[in-house]
Protein chains: 2
Amino acid sequence: MTKPKEVTIYDLARKLNVSIATVSRALKDDPVVSKKTKKKVFDLAEEMGYRYNHFARNLREQRTYTIGVIVPRLNSYFMSTVIAGIESVANNEGYTLIISQSSESAEKELASAKTMFNNRVDGILVSLAYDTENLNHFSPFFQKNIPLIFFDRVADHPECTSVLIDNRKGAYEATSHLIAQGCRNIVHITATPKRNVYVDRLAGYKQALADHQLPFDEKNVLINNLSQEAGAQAAGAILQMNPLPDAVFAANDNCAVGCMIALKKAGIRIPHDMAFAGFNNDPVSTVIEPNLTTINYPGYKMGEMAAASLINHLNGVNSIDATNTILLRSELIIRASSLKTRSDSE
Amino acid sequence: MTKPKEVTIYDLARKLNVSIATVSRALKDDPVVSKKTKKKVFDLAEEMGYRYNHFARNLREQRTYTIGVIVPRLNSYFMSTVIAGIESVANNEGYTLIISQSSESAEKELASAKTMFNNRVDGILVSLAYDTENLNHFSPFFQKNIPLIFFDRVADHPECTSVLIDNRKGAYEATSHLIAQGCRNIVHITATPKRNVYVDRLAGYKQALADHQLPFDEKNVLINNLSQEAGAQAAGAILQMNPLPDAVFAANDNCAVGCMIALKKAGIRIPHDMAFAGFNNDPVSTVIEPNLTTINYPGYKMGEMAAASLINHLNGVNSIDATNTILLRSELIIRASSLKTRSDSE
DNA sequence: CGAAACAATGTAACCGATTACATTGTTTTT
DNA sequence: AAAAACAATGTAATCGGTTACATTGTTTCG
C-alpha cells in the first residue's frame with residue numbers, strides 16, 4: 001500500500017558523489033565516461049534497485065519508442081502470426097507495442113487510431129478493417145510526419161509503405177491450378193471489394209479464366225465476410241446453382257472449410273464433384289478432409305518486414321520514401337481438395 | 001522531416017491570457033473552473049490541435065495507465081480470444097495494453113517481465129509459460145506492490161488473484177463421459193505437470209477413473225507439448241500399446257486433432273475403435289471428422305474478468321485481497337468423436 | 001458597512017531524465 | 001615550461017504536465 005520512493009539518477013549521483021550528468025551518461029554506456037565510473041554506477045544502480053524512467057526520457061526526447069499496431073482481429077491464425085513477427089523485431093530494437101483490434105469496424109479503427117495518436121506512438125502499423133472507406137482518421141499521423149506502414153490489407157497513399165504478397169498472382173495460380181485439373185465452372189467466394197486483397201484475388205481469378213478462354217460470370221462471385229459460418233451459407237447458395245459449379249476458390253481457408261463441411265453434408269464429393277482451393281494456409285487446411293489446397297501466406301515474415309521497415313524509417317535509415325511496396329513470396333500448396341485426376345483413381 | 005512544435009498548455013494559457021493551472025484544470029473538467037473559461041480552453045485546444053501529453057502526466061503522477069499482458073503465445077484461438085476480452089475492458093477504462101509473448105519459454109517470460117517492469121505498467125496479467133519453475137522474476141512487482149493477476153495458467157501466490165476454470169471438473173466430466181460411453185482403457189495426453197491446468201486435468205481424469213472403479217495406469221498418461229505435431233507423435237505411441245486403448249482424452253483440441261488424423265491414417269475408426277475428447281472448444285474441433293467432443297472454455301469472458309479485476313484493484317475498489325480465485329463456468333460439449341453408441345448405428 | 005465565505009484563478013515546486021556548454025585535470029607537443 | 005589537446009566530469013536549462021497553497025474578486029449576512 002505504501003509507495004516506496006523510486007530510485008532516480010539523483011540518488012545514484014548523490015551516493016557516488018558525482019553529477020547526474022555523469023550518471024545519465026554512464027547508464028547509456030556513453031564512451032565519454034571512464035570505465036571505472038561506469039562500473040561504480042552500474043553496481044550501485046543494481047544494488048539500489050534503480051529502474052530507468054522512460055517517461056522522463058520520452059518527455060525530453062519527444063519520442064516514445066512505442067509502435068502502434070491496428071489489426072482487424074487478433075483471433076485469427078494469420079494475424080497472430082504476423083504479430084509474433086512484429087513483436088520479435090520490435091522487442092529486439094527496444095520498442096514496445098500497443099496492439100488494438102478494430103473488430104473489422106471502421107468506427108473502432110478510428111477510435112484506435114485516435115488512441116494511438118494520443119499515446120504518441122513513434123510509428124504505426126495498420127491492416128485495414130473490412131468497411132474502412134477512407135484514410136481520414138490517419139491524417140493526423142501524416143500531418144505530424146508519423147510513419148504509417150500498411151500490411152496485408154493495405155491502401156494506396158503517397159506517404160505509406162505497404163507490405164503484402166502478390167494476391168493477384170496467388171489467386172491466378174490457384175485458379176489456373178483448378179482449371180488444369182479440368183474445372184470449367186469455378187465459383188469464387190470473396191469479401192468486400194473495399195479491400196485490396198479481395199480486389200486483387202478477384203482480378204487474379206478473372207485473369208486466369210480469361211487466359212484459358214473461360215467465360216467470366218458475375219453470378220459465380222459470392223461476396224461475404226469469409227467467416228466459417230459465411231462459408232456454410234455460401235454452400236447453400238452454391239447448391240442452388242444450375243448447373244452446379246465444378247470448383248470453388250475461396251479467398252480464405254476458414255470460409256472454404258465452412259463451405260466444404262456444408263457441401264459434404266449435402267452429399268457433394270470433394271474433389272470429385274467439386275474441387276476446392278483456399279487462401280492463407282491456415283492450420284485448419286490440414287485438418288479438413290480432404291486437405292485443402294491453398295496459398296501459403298508468410299505471416300511471420302510479413303510482421304518482421306513491416307516492423308523492420310518502420311523501425312528503419314524511425315532510425316533515419318532508408319528514410320527516402322522510395323520503398324512504396326514490399327512484396328513477399330507466396331506459393332501454391334496443392335493438397336487433395338483440388339486433385340481431381342489423382343483422387344478419381346484413389 | 002521537420003518537427004512541428006507540439007502545442008502545450010503553456011501555448012493555450014498564453015493565448016487565452018490565463019495561467020497554465022487554469023488550463024490544466026479546465027482540460028480535466030475540474031468543477032472549480034468556470035464554464036466560460038472551460039469552453040474557451042476546449043475550443044482553443046481543438047483549434048490549435050492540442051494533444052494531451054501522457055508522459056508529462058505519468059512522470060508527475062507516477063502512474064502509466066498501462067497494463068502488461070504476458071501470454072505463452074498469441075497465435076492460438078484461445079489466447080487471442082482472451083486478449084480480445086482484456087482489450088475491450090481495458091480500452092473502456094482508458095488503459096493501454098502492452099502485450100508480449102513468452103513463446104512458452106521461462107527465459108523469455110523473464111525478459112518480458114523485466115520489460116513490463118521497466119515500462120512501469122500499473123498492473124500485469126500473466127499466463128505462465130510451459131517451463132516456468134518459479135515466480136522469482138515477478139518479485140520486483142510484489143516488492144513495489146504492483147498487482148499481478150494470473151489467468152488460465154496460474155500459480156499460487158499470497159498476493160495474486162487467479163482467474164481460471166475448474167480444470168479438474170472439466171477433465172472429470174470429459175473422462176466420465178467417455179466411461180459412460182463404455183470406454184475402459186482411456187489414454188490421457190497432457191503437458192508438463194509444472195502447470196496447474198495440466199495437473200488439474202490429470203487429477204480430474206484420475207478421479208473419474210477411481211469413481212468408476214477403473215484402474216489408473218501410469219503408462220496411459222502421455223506427456224508432450226500438446227501441439228498438433230505432438231498429437232501425431234502420440235498417435236505413434238498409442239499404436240504401440242497392447243491392447244490398444246479404447247479412448248483418448250487430450251488436454252487440448254489441437255493435440256487431439258493431430259492425434260486423430262494420424263490414427264485415422266493408420267486405420268483406426270473413431271469413435272468405433274477409439275473415442276476422443278479434447279479441451280478448449282477450439283474452432284478446429286468442428287472441422288475434424290468426426291467432430292471433437294470437448295470442454296468449452298470461456299476465453300473472452302476470462303479476459304474480461306481478469307482485466308476488470310485488475311482495474312478495480314488499481315482503482316482502489318475491492319482492494320481487499322479477499323479474492324483469491326475467480327472460477328468461470330465451463331461445460332462439456334458432446335460431439336461425434338465420443339459417441340460410441342450412436343455412431344455404431346450410423 | 002465590514003467580516004466571513006466562497007468562487008475563480010495564479011504561483012511555483014516537482015516529476016526524472018537529456019544534453020549543450022562550461023570547467024577541471026592530465027597528457028602531449030614544441 | 002608553457003601551450004595545446006584531450007579526457008572526464010559538472011552546471012543548468014528543458015521537456016509538459018499536476019497540485020498544494022496563495023491571491024484576488026465577489027457575494028452574503030449580521
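Remember, it's a predicted structure, so these values are computed and weren't measured experimentally. Hydrogens, waters and symmetry mates are skipped; everything else that's a heavy atom, side chains included, is used. Throughout, a chain's letter reflects where its sequence line sits, starting with A, and its residues are numbered from 1.
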**OP:** May I ask you to say whether B:Lys15 pairs ionically with B:Asp11, meaning some side-chain N is under 4.0 Å from a carboxylate O?
**Re:** no

**OP:** Could you tell me whether B:Asp11 contacts a base, only the sugar-phosphate backbone, or nothing, with contacts defined as non-hydrogen atoms closer than 4.0 Å?
**Re:** nothing

Original post:
Quick one: is D:dT9 close enough that its OP1 or OP2 comes under 4.0 Å of any side-chain N or O from A:Ser34?
Top reply: yes

Subject >> Nucleotide C:dA12, atom P - distance to CD1 of B:Ile20 in whole Å >> reply: 11 Å

Subject >> salt_bridge(B:Lys194, B:Asp131) N-O dist < 4.0 Å >> reply: no

**OP:** Could you verify whether a donor N or O on one side chain and an acceptor N or O on the other, from B:Ser34 and B:Thr37, lie under 3.5 Å apart?
**Re:** yes

Original post:
Out of D:dT9, D:dG16, C:dA17, which has the shortest distance to the side chain of A:Thr22?
Top reply: D:dT9

Original post:
Expressed in angstrom and rounded to an integer, what is the separation of A:Asn58 atom CG from C:dA17 atom C1'?
Top reply: 10 Å

**OP:** Could you check which of C:dA17, C:dT19, C:dT9 has an atom nearest any side-chain atom of B:Val32?
**Re:** C:dT9

**OP:** Check whether any side-chain N or O of B:Arg153 sits under 3.5 Å from a backbone N or O of B:Ser127 as a donor-acceptor pair, and report yes or no.
**Re:** no

Subject >> Integer-rounded Å distance: C:dG16 P and B:Asn119 CG >> reply: 16 Å

Original post:
When the distance from CZ of B:Arg63 to P of C:dC14 is rounded to whole Å, what number comes out?
Top reply: 23 Å

Original post:
Looking at A:Lys36, does any N or O in its side chain come under 4.0 Å of the phosphate oxygens OP1/OP2 on D:dA8?
Top reply: no

Original post:
Only one of A:Val154, A:Ile149, A:Leu148 clears side chain to side chain contact (heavy atoms under 4.5 Å, CB included) with A:Val126; which?
Top reply: A:Leu148

**OP:** With A:Leu27 as reference, evaluate A:Val33, A:Ile9, A:Thr22 under the side chain to side chain contact (heavy atoms under 4.5 Å, CB included) test and give the passing residue.
**Re:** A:Ile9

Original post:
Closest to the A:Thr8 side chain: C:dG10, C:dG16, D:dT19?
Top reply: C:dG16

Subject >> Most 5' of B:Val18 and A:Tyr52 on DNA chain C, judged by nearest nucleotide >> reply: B:Val18

**OP:** Name the closest nucleotide to the B:Arg60 side chain, picking from C:dA13, C:dA8, C:dT19.
**Re:** C:dA13

**OP:** Quickly work out the A:Leu12 CG to C:dA17 C1' distance and round it to whole Å.
**Re:** 12 Å

**OP:** Taking only the side-chain heavy atoms of B:Glu61 (C-beta and beyond), determine which of D:dT19, D:dT11, D:dT9 contains the nearest atom.
**Re:** D:dT19

Subject >> A:Ser19 vs D:dG10: side-chain N/O to OP1/OP2 distance below 4.0 Å >> reply: yes

**OP:** Check whether any side-chain nitrogen or oxygen of B:Ser24 sits under 4.0 Å from OP1 or OP2 of D:dG16, and answer yes or no.
**Re:** no

Original post:
Which part of the nucleic acid, if any, lies within reach of B:Arg120 when heavy atoms closer than 4.0 Å are counted: base, sugar-phosphate only, or nothing?
Top reply: nothing

Subject >> From D:dG17, C:dA12, D:dA8, nucleotide with atom closest to B:Asn53 side chain >> reply: D:dG17

Subject >> Rounded distance in Å - CG (B:Asp30) to P (C:dA8) >> reply: 11 Å

**OP:** Ignoring backbone atoms, test whether A:Tyr65 places a side-chain nitrogen or oxygen under 4.0 Å from the OP1 or OP2 oxygen of C:dA17.
**Re:** no

**OP:** Rounded off to whole Å, could you give me the CZ-to-P distance for the A:Arg14 and D:dT11 pair?
**Re:** 14 Å

Subject >> Minimum-distance nucleotide (side-chain atoms of A:Tyr10 versus D:dG17, C:dG16, C:dG10) >> reply: C:dG16

**OP:** Select one nucleotide: of D:dT11, D:dG17, C:dC15, the one nearest the side-chain heavy atoms of B:Ile9.
**Re:** D:dG17

Original post:
Within less than 4.0 Å of OP1 or OP2 of D:dT18, is there a side-chain N or O belonging to B:Gln62?
Top reply: no

Subject >> Centroid separation A:His157 to A:Phe138 less than 6.0 Å >> reply: no

**OP:** Return the nearest nucleotide to the side chain of A:Arg25; candidates are D:dA8, C:dG10, D:dG10.
**Re:** D:dG10

Original post:
Does a side-chain N or O from B:Lys35 land closer than 4.0 Å to OP1 or OP2 of C:dA8, or not?
Top reply: no

**OP:** Measure the distance from CG on B:Asn118 to C1' on C:dG16 and round it to the nearest whole Å.
**Re:** 15 Å

